[in-house]
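The structure appears below as structure tokens.
All values below were derived from every heavy atom in this structure, side-chain atoms included, with hydrogens, water molecules and symmetry-related copies excluded.
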Amino acid sequence: MKTYKAAELRSMFQQFFKDHGHAVISSASLIPENDPTVLFTTAGMHPLVPYLMGQKHPAGTRLTDVQKCVRTGDIDDVGDFSHLTFFEMLGNWSLGDYFKQEMIPWSWEFLTSEKYLGLPKEKLAFSVFAGDEDCPRDEESAQLWRDCGVADDHIFFLPKENNWWGPAGLTGPCGPDTEMFIITDKEPCGPDCSPACSCGRYLEIWNDVFMQYNKQADGTFVPLSQKNVDTGMGLERTICVLNGKKSVYETELFENILGKIAELSGKTYGQDEETTKAFRIIGDHMRTSTFIMGDDRGVSPSNMDQGYVLRRLIRRAVRYGMSIGMPDGFTGEIAKVIIAQYKEVYPELERNEKFVLEQLSLEETRFAKTLRQGEKEFDKIYNNIQNTRATLDAILAAENKVALAQEYAQTKKLRPSPDMLPIIEAAKAGDEAALVAAVNARLESLTTMDGRSAFKLYDTYGFPIEMTIELATEKGLKVDEADFAERFKQHQATSQAGAEQRFKGGLADHSAQTARLHTATHLMHTALRKVLGDEVAQKGSNITAERLRFDFSFGRKMTKEEIAEVEKLVNEAIAAKAPITCREMTVPEAKAEGAIGLFESKYGELVKVYTMGEFSKEICGGPHAENTGDLKSFKIQKEESSSAGVRRIKAVIGTTADE
């Protein structure tokens with residue numbers, strides 16, 4: 001098989017679909033615009049949901065792009081051969097245009113033609129939906145693969161868990177998919193070996209989703225009036241598979257990054273299991289962190305939302321950097337390598353390089369402080385263990401053990417905690433034999449730090465469990481790692497359940513109230529520029545049905561007078577009851593009309609420009625009110641620092657009478 005570079009695959013994929021009538025659109029931001037339902041853009045389809053639902057896209061009905069994506073659900077698995085938190089997704093879409101009859105032959109052509117990937121036909125396998133009580137077997141897709149020349153024993157019918165996409169939430173667009181695999185040289189794991197196995201014989205390379213049903217609230221599936229195609233080919237995984245690499249970290253995408261880690265640490269990738277894991281975690285987490293902060297809506301490390309995830313990534317990278325002897329400031333040095341590698345494809349990284357490096361430096365310093373706080377808390381836990389030991393040793397050494405234990409219980413030297421109750425109860429009963437047995441049992445347990453304390457260090461102080469174990473070992477203690485793991489598992493389950501509740505589906509909330517709040521961000525942005533100057537630029541936003549949060553570049557705290565003036569200007573625009581209009585035009589046309597284009601790298605040839613009377617004109621793709629008067633009123637609740645050089649405003653608006 002041929003070997004490919006990432007740049008070649010990006011170009012080839014987009015050119016193929018351009019030749020088939022697709023408009024090439026730029027990657028959307030990693031930070032979803034005015035979408036409270038997800039933290040990051042997780043797939044190529046995510047920014048296109050409104051258009052998959054029927055809204056007209058400025059570039060037409062056939063689209064292709066390479067989308068930046070972040071998925072952090074498997075962050076703790078990063079370090080193995082395949083898991084990544086950042087990846088690039090090659091994709092193409094039909095918005096009610098072509099369907100299976102066109103897409104499957106195109107997929108076959110791209111995979112097998114010598115002009116494109118040139119994969120051996122006998123080395124490819126395909127899976128399709130097997131059908132169930134909800135929807136029929138996808139014989140159409142299977143027959144289209146046969147028509148391309150695929151043998152029946154290379155086509156596998158698999159259930160929903162393998163070959164079905166969606167809906168994203170409880171209801172909505174969904175449908176069968178067909179997945180494409182390279183057959184490796186591994187022997188079948190058994191007579192039923194298929195792409196559903198995890199034996200490694202079949203490696204997925206592409207996925208075509210056919211959105212042809214709408215799942216109803218009652219669980220039934222109704223055919224969609226607008227049928228869509230949504231495909232996805234992960235760049236990193238595909239490069240790995242095409243070039244026969246055992247790991248995504250062995251591809252050219254990580255060559256310079258891992259090389260820099262080796263240079264700074266004096267270690268060698270692959271020299272041992274732990275070092276290899278550290279290299280991979282540092283490389284992945286620094287790449288993801290650089291892209292998150294280097295986005296034109298780049299966020300900074302914090303304890304909320306995207307900032308929380310970013311902080312965790314950076315600190316985990318720093319922790320593993322320390323484990324292999326990386327010098328202070330290494331995160332910035334690696335970020336420079338990443339920016340240099342990707343700036344031609346994603347120029348926003350170079351535009352925001354200063355911000356990225358500043359934030360990394362600050363976070364490394366903060367984490368050093370966190371580690372010191374964690375060490376102090378560890379010392380408190382250790383001293384409590386030692387004090388308890390001394391108390392129990394004194395009871396065993398006493399001539400009248402029961403009397404001393406009763407005295408300690410009365411003065412609370414024996415604290416009435418669950419693990420001390422057997423001792424206290426034996427003392428109250430005057431049973432010396434039971435007392436001695438209970439004391440010895442407690443002393444034995446004090447050779448191990450309980451999982452609750454270890455998890456508190458991790459959850460409250462951000463103290464890595466590896467450091468807790470290391471410090472405990474130095475003090476002659478073990479750590480109840482099983483109990484810690486169980487508490488961590490429960491914490492993850494709770495967090496994921498909350499995330500699924502809050503962020504379920506990846507679909508933007510296009511309710512009337514959210515549309516009004518989104519409109520308010522435009523009015524406020526214009527007002528901020530009028531009051532504070534043109535240096536103000538949006539750095540991010542988050543909207544729920546109750547409030548808006550808006551981050552913007554500005555170097556100092558706003559005065560009370562400035563806040564009042566911004567409120568006044570926005571409320572004047574609301575009082576004017578100006579109609580909100582939308583027109584499609586090119587970016588140069590939008591600029592000529594004075595529209596603000598905050599994130600131009602994400603726009604295609606045609607953009608939507610929303611105009612609000614004489615007050616605001618911005619390039620945007622989100623939901624809007626029909627009239628500024630729909631907002632009723634505007635009030636800033638809080639103005640605070642978000643990060644160095646970035647301020648944050650939280651604000652609310654009035655509601656209409658019928659809500």
Side-chain angles (χ1 to χ4, degrees), residues 1-28 43-45 47-48 51-52 56-69 87-121 123-124 126 140-141 144-145 147-150 177-182 204-211 226-239 241-243 344-347 584 586-587 601-607:
M1 292 190 290
K2 300 177 183 178
T3 58
Y4 292 95
K5 296 285 188 181
E8 183 182 5
L9 183 56
R10 289 190 198 101
S11 175
M12 179 189 295
F13 187 91
Q14 291 188 313
Q15 188 60 51
F16 176 86
F17 284 101
K18 187 176 180 180
D19 292 342
H20 287 82
H22 291 63
V24 177
I25 60 174
S26 299
S27 172
M45 56 74 63
L48 296 171
Y51 310 105
L52 293 168
K56 181 184 176 185
H57 194 285
T61 58
R62 296 186 178 193
L63 310 173
T64 185
D65 73 359
V66 182
Q67 175 62 48
K68 300 179 293 183
C69 300
F87 61 96
E88 297 173 80
M89 183 65 80
L90 305 164
N92 65 282
W93 292 269
S94 163
L95 306 177
D97 191 326
Y98 58 83
F99 205 51
K100 298 177 186 178
Q101 295 84 351
E102 293 84 4
M103 190 62 237
I104 287 178
W106 286 345
S107 297
W108 178 256
E109 180 185 4
F110 186 76
L111 291 171
T112 63
S113 169
E114 288 299 322
K115 184 178 177 182
Y116 301 107
L117 296 187
L119 297 174
K121 297 175 182 179
K123 286 289 187 179
L124 293 171
F126 307 87
E140 183 181 9
S141 290
L144 287 167
W145 285 122
D147 293 344
C148 290
V150 180
D177 68 8
T178 183
E179 301 184 11
M180 292 145 264
F181 302 83
I182 288 181
E204 183 184 348
I205 189 171
W206 202 358
N207 184 359
D208 293 348
V209 175
F210 303 115
M211 297 182 195
Q226 176 180 307
K227 295 181 179 180
N228 305 307
V229 174
D230 164 21
T231 87
M233 177 184 283
L235 178 73
E236 289 83 356
R237 180 180 178 85
T238 302
I239 286 291
V241 171
L242 289 177
N243 294 335
E344 296 300 323
V345 184
Y346 302 106
E584 291 182 1
T586 65
V587 170
S601 64
K602 82 179 185 111
Y603 299 122
E605 292 182 1
L606 286 177
V607 296

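In this structure, E179 CD and I205 CD1 are separated by 12.5 Å, a value rounded to the nearest 0.5 Å. Distance check: N92 CG to K18 NZ gives 15.5 Å after rounding to the nearest 0.5 Å. Rounding to the nearest 0.5 Å places OG of S141 at 3.5 Å from CD1 of I104. D230 CG to M211 CE: the interatomic distance, rounded to the nearest 0.5 Å, is 4.0 Å. Atom CG of residue D208 and atom OG of residue S94 lie 11.5 Å apart, to the nearest 0.5 angstrom. One finds the NZ atom of K100 at 7.5 Å from the NZ atom of K227 (value rounded to the nearest 0.5 Å).
For the residue pair L111 and M180, the shortest heavy atom distance occurs at CD1-SD, 3.7 Å. In terms of heavy atoms, L95 sits closest to Q226 at C-NE2, 3.8 Å. When all heavy atoms of P347 and E344 are compared, the pair lying nearest together is CD-O, 4.3 Å. Shown here for C69 and G44, the closest heavy-atom pair between the two residues is SG-N, 4.1 Å. Residue N243 comes nearest to T3 through the heavy atom pair OD1-CA, 3.0 Å, listed as atom of the first residue, atom of the second, then distance. In terms of heavy-atom proximity, Q14 sits nearest to V66 at NE2-N, 3.5 Å.
Residues W93 and D65 are in side-chain contact: their nearest non-hydrogen atoms beyond the backbone lie under 4.5 Å apart. You'll find the side chain of P58 reaches within 4.5 Å of the side chain of Y51, heavy atoms only. Inter-residue side-chain proximity for L90 and L9 is flagged as met; some heavy-atom pair is nearer than 4.5 Å.
Side-chain atoms of Q101 never come within 3.5 Å of backbone atoms of E140 as a donor-acceptor pair (strictly under, hydrogens ignored). Remark: the backbone N or O of F87 is not paired with any side-chain donor or acceptor of R237 at under 3.5 angstrom. Under a 3.5 Å cut-off, the side chain of E88 and the backbone N or O of E236 do not form any donor-acceptor pair. Formation of a donor-acceptor pair under 3.5 Å by the Q67 side chain with backbone atoms of A43 is not found in this model. Checking side-chain atoms of Y4 against main-chain N and O of L117 turns up a donor-acceptor pair under 3.5 Å. With T64 contributing its side chain and G91 its backbone, the two residues share a donor-acceptor pair below 3.5 Å. In this structure, S27 contributes its side chain and K68 its backbone to a donor-acceptor pair below 3.5 Å. The closest donor-acceptor contact from the side chain of N228 to the backbone of G96 lies under 3.5 Å. The backbone N or O of A7 sits nowhere less than 3.5 Å from a side-chain atom of S11 that would complete a donor-acceptor pair.
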(request) Starting from the C-alpha separation in whole Å, work towards a yes-or-no answer on side-chain contact (heavy atoms from CB on, under 4.5 Å) for F16 and E109. (result) CA-CA 10 Å; F16 176 86; E109 180 185 4; 3.7 Å; yes
(request) May I have the step-by-step check of side-chain contact (heavy atoms from CB on, under 4.5 Å) for L119 and L242, ending in yes or no? (result) CA-CA 9 Å; L119 297 174; L242 289 177; 3.6 Å; yes
(message) Evaluate I25 against H57 for side-chain contact (heavy atoms from CB on, under 4.5 Å), listing each step before the verdict.
(response) CA-CA 11 Å; I25 60 174; H57 194 285; 4.1 Å; yes
(request) Could you give me the CA-CA distance, side-chain angles and deciding distance for M12 and Y116, then say whether side-chain contact (heavy atoms from CB on, under 4.5 Å) is met? (result) CA-CA 7 Å; M12 179 189 295; Y116 301 107; 3.8 Å; yes
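Checked against the 6.0 Å centroid criterion, the rings of Y98 and W106 qualify as a close aromatic pair. Aromatic rings from H22 and F13 are positioned such that their centres are separated by 6.0 Å or more.
Judged purely by distance below 3.5 Å, without hydrogens or angles, the side chains of T178 and W145 pair a donor atom with an acceptor atom.
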